[in-house]
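The figures here come from the full heavy-atom set of this structure, side chains too, leaving out hydrogens, waters and symmetry mates.
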Amino acid sequence: MGVVEVPGAPYGVAVGPDGALWFTLVAQGVIGRYADGDVRIFALPQADGQPTVIVSGPGDMLWFTEYQGGRLDRMSTDGAVTSIEAPGAYGACIGPDGALWFTELTAGRVCRLAADGSVTAVAVEGMPSMITAGPDGALWFTVNQGNAVGRVDSELNPTVYPLPTPAAAPVGITAGPDGALWFTEIGSGAIGRITTDGVITEFALSDPAARPHAIVAGPDGALWFTEWGSGALGRIATDGRISHLALPGAEPHGLTVDARGHLWVAMESGALVEVSTTDEPPVRAAAEARSGRSSEP
């Protein structure tokens, strides 16, 4: 496990088109880059925007959302930034169509940014949050206050699937190696799985206050997620077995996988933590493997 100290509170992290790690420093209102032992900081035109989620996107650019500033930003690897208005922008991803898709959490919209700069959107009530490309050619997203997982096709037709557990407050979501979507339930302390036809299964964590946040598919065929409340990194196999790894520092948020298959975790306490997936963390509690909650549409 490696630790890279950074001058601020990192939130989102992604591998950029240049192979470096790029990250948002929410409280400081800047973007950071780490490569070859060197941390660089890039100031933004406005420092009060609270940059949050960052992804590598169209045009070999970095794309990030500024939740407080209400902007979606494009940054080149030399630090040049252009922005468009996006009220309450939060999640972002590249769609199967090569376009940049993003959510407007406070405005309640799922949006598509075309190559010509035009934005099309569909309204979704309940604070659409993280978004990811699904294996079915659609975009899947969490609806944090609507307590649901949503799907929107390339024509912006939405479908919303309510969760079985009340006040689950889903946040992170990613496509899994099993053809399903996996997501975190920060409110109920669980990991969820939804098939592309809407069947939901929830896996409770042993600590209901773990507050799982972000989730990614690892190179080992499992899903890895941050536990913001417990300060740990979690791993769930596709059969529901869950294990955990304690992390140095506190408040892990975003995470990504680099070209070597190593995980990088953004710790809001002021560091990026590198974790190899070759050593599976110890199982904390075998009884937490399955919650027994599932639903069908």
Just say parallel, tilted or perpendicular for the rings of Trp140 and Tyr161, cut-offs at 30° and 60°.
parallel
Arg112 side chain near Val152 side chain, heavy-atom distance below 4.5 Å
no
Sub-6.0 Å ring centroid separation between Tyr11 and His213
yes
Asp116, CG atom: more than 12 neighbouring heavy atoms under 6.0 Å
yes
Applying salt bridge (charged side-chain N to carboxylate O under 4.0 Å, His left out) to Glu268 and not counting sequence neighbours gives none
Determine whether the side chains of Thr52 and Thr24 contain a donor N or O and an acceptor N or O closer than 3.5 Å.
no
Linked, directly or transitively: Val265 and Val257 (ILVMFWY side chains, under 4.5 Å)
yes
Contacts of Tyr34 that satisfy ring pair (Phe, Tyr, Trp, His ring centres under 6.0 Å) - sequence neighbours left out
Trp264
Check the hydrophobic clustering (I, L, V, M, F, W, Y; side-chain heavy atoms under 4.5 Å; chains of links allowed) and say if Tyr67 and Leu100 are grouped together.
yes
Please say which of Thr77, Asp38, Asp18 ends up in a side-chain hydrogen bond (donor to acceptor under 3.5 Å, both in side chains) with Arg33.
Asp18
Okay, side chain of Asp258, backbone of Val15: is any donor-acceptor separation there less than 3.5 Å?
no
Sequence neighbours excluded, every pair satisfying ring pair (Phe, Tyr, Trp, His ring centres under 6.0 Å) that has a member inside residues 98-132:
none
